[in-house]
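What follows is a set of notes on a single structure, which appears directly below.
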Protein chains: 2
Amino acid sequence: MNNTPVTLKFLAEKLKMSVSTVSKALNNYPTINEYTKQRVQEMARDLHFTPNKSAINLKERKSHIIGIILPNLLDHFFTRSIYGVEQFATQNGYNVIISQSHDDLKKEIQSANMLLRSRVDGLIVAISKHTQDFAHLDQFENMGIPVVYYARNPSFNLSCHKVLGNTFHGCYQATKFLINKGHKKIAYLGGPKMINFTHDRFNGYINALNDNQVPFSSELVAYTNFDKESTISAIKNLFANPENIPTALVAFKETILFDAIKYLKSINHPNFNEIECIGFGNTSFIAYLDSPPIASIEENPESVGENAIKLLIQLINKEIDIHNYQKIMVDCKLIVHG
Amino acid sequence: MNNTPVTLKFLAEKLKMSVSTVSKALNNYPTINEYTKQRVQEMARDLHFTPNKSAINLKERKSHIIGIILPNLLDHFFTRSIYGVEQFATQNGYNVIISQSHDDLKKEIQSANMLLRSRVDGLIVAISKHTQDFAHLDQFENMGIPVVYYARNPSFNLSCHKVLGNTFHGCYQATKFLINKGHKKIAYLGGPKMINFTHDRFNGYINALNDNQVPFSSELVAYTNFDKESTISAIKNLFANPENIPTALVAFKETILFDAIKYLKSINHPNFNEIECIGFGNTSFIAYLDSPPIASIEENPESVGENAIKLLIQLINKEIDIHNYQKIMVDCKLIVHG
DNA sequence: GCAATTATTTCAAACGTTTGAAATGTAGTT
DNA sequence: AACTACATTTCAAACGTTTGAAATAATTGC
């Protein structure tokens, strides 16, 4: 039980030398005598000296902390993205503080202010569904703290750094895959219209249809807010016209397919066995479904996270100018199951 | 673009008063004149003054950071537990740094050292599967930093603070529920034997059998390491003796039931439809399974996290002596589906 | 043996805040 | 006018580190 904390001063007194010698010895300054260094380092080891981060932070005017604001840790996209961030951050001497907004703007503002008070050296943020005003995030750049937007596209904010999945291309690939399998009636089940990706993905879908001379039908497009009721009502619409029943389905998100498939099964839809589905996600759980999607659009969240942190660190180190706004697109990959 | 950071000194110069007056005005000292306070607070607001946390931390000899080491963010138990921690930590002015060990002892040691260097004010840890030596965690207590073990029981470490699910009782309840439904042949599918909970849960199972005069058969007990192969081989053992086929199954973890159920279905087991399963977990996914478990043992991870952080903060505030080791058990709840 | 180098150590200020003690200002009392 | 009693502000040190400049010690050359 050591009451006196082991500081440089403490070591210096023990060794009967000055604080600066001790500091320089530990930091391996060339002007310090080898023998002195040895003595200091030995003593530091024996007494379990750990430099006080707060003091260093104060001196260096850095916190060595990177903040992440994201909607939710229950969504595997985000937890997987953290892997990419964490690893590279740690390697570069940064700690990561994660704050969840729960897709609530108020909570996002709170998180931002909290991280600002903590004087993070940089911020990575996946904005909430409802973020249209960016004042709480702009504060950071105004103070010279770089911000990288990732995973969700802040389209209202033109001047910012972004790392996004190439969701257009992912949806294009999926649609093309279905076309190649012979499908002519492919439905698109989008997410909430206020999420930009909904439209990017829709464009991927449309382009794939056009490029392959498959006629587009507006009856084959519907949107859901992710909740079960909304998904079922969208599905009802897609299957409303008996003259125009889809045989395949591209969904904004794999998880909404679960509700969709379950519903179609529950009503014993006559064409149920023909319907082939693909969604964004690649959840490990689909292995357990009786009628699983035939493929998944893997978004590579780890890579999205890794790109975000790499860019952020370059910005922190001023290797890239903070106003030289970057946009990085991370490719998706179609994973065919079975 | 403000190059000069807005500090107390900066405000003081602008206002032509001393740094200490500014500081005290912002902290609402009673000795400061009301009018002065107003002027200072107004100026602070206008110039977006944010107190420098590093300086405060240095002064207060606190980091206002709480570390969490846990195996994995992909496991919903842990992500849910974070909800409980985060909320209460934030309310008390603490930031949380989460570090994943990936159930790897080396990584856990690294994380511990990293958090020690960051001089966290307290640590919450769910140990890795392989942690038997606690030197890297004992460091904290030796420096007077309290540690709360949670979610996973560090049975090799007798003197420590613990917050654990009452897993014995959870398993007891589940077994009893099955008995009440008329089952006589209830199997127990445990996790890896090196995890203590495996045995606690087994004891819950056994006690429920005994208390209700259901005979025990060692043929109805098997263990898995969580991976698919291991689970299937355990299931094969449980169903090996045609004279003694189980009609119900209590599993260490809901997710292993997925592999189990899938396997039984795949081999078209004759009694498949009779078999009723229960596991620890309560995953939202089970809603999408065709043959879902009939009930789940909800472990209340949020509550486990909340209890851990509350205890930790009491320890930090010295409301409880660091050597007065506490053990808190959080109840499970049986959730019957359908 | 003494100046000129060079090697090594120490000084002192700074980072931004807090806080008890000391100083100053103001008003009230006699 | 001198004194007390407050109200208010400022001083100064401290938290633990870093780092350029200054001081000191040791070594070399002549």
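Every chain is numbered from 1, with letters handed out A, B, ... down the list of sequences.
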How long is the line joining [atom1] of [X] and [atom2] of [N], in whole Å?
X: A:Lys16; N: C:dT10; atom1: NZ; atom2: C1'; answer: 17 Å
X: A:Leu8; N: D:dC15; atom1: CG; atom2: P; answer: 13 Å
X: A:Arg61; N: D:dT18; atom1: CZ; atom2: P; answer: 16 Å

### Query
Residues from residues 23-36 of chain B sitting under 4.0 Å of DNA chain D, heavy atoms only?
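B:Lys24, B:Thr31, B:Ile32, B:Asn33, B:Thr36, in order of number.
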
### Message
Could you tell me if A:Asp103 and A:Ser128 have a donor-acceptor pair between their side chains, going purely by distance under 3.5 Å?
### Response
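The criterion, which ignores hydrogens and geometry beyond distance, is not satisfied for A:Asp103 and A:Ser128.
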
#### Entry: Short side-chain donor-acceptor distance under 3.5 Å, A:Asn57 and A:His64
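A donor-acceptor contact under 3.5 Å links the two side chains.
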
### Query
Hey, does B:Phe10 reach any base, or is it just sugar-phosphate, or nothing, if we go heavy atoms under 4.0 Å?
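Nothing: the residue B:Phe10, judged by heavy atoms under 4.0 Å, touches no strand.
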
Distances under 3.5 Å between protein N/O atoms and the N/O atoms of nucleotides 23-25 of chain C, please, pair by pair.
none

### Query
So, are B:Lys14 and B:Asp46 salt-bridged, with charged N and O less than 4.0 Å apart?
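A salt bridge is absent here (no side-chain N lies under 4.0 Å from a carboxylate O).
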
### Task
Determine, for A:Lys37 against A:Glu34, whether the closest basic-nitrogen to carboxylate-oxygen distance falls under 4.0 angstrom.
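Yes, A:Lys37 and A:Glu34 are salt-bridged.
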
#### Entry: Given D:dG16, D:dC11, D:dC15, the nucleotide with the shortest approach to the side chain of A:Asn52
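So the nucleotide nearest the side chain must be D:dG16.
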
#### Entry: Quiz item: B:Lys59 side-chain donor-acceptor pair to C:dT18 base, under 3.5 Å
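Under the 3.5 Å cut-off, the side chain and the base do form a donor-acceptor pair.
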
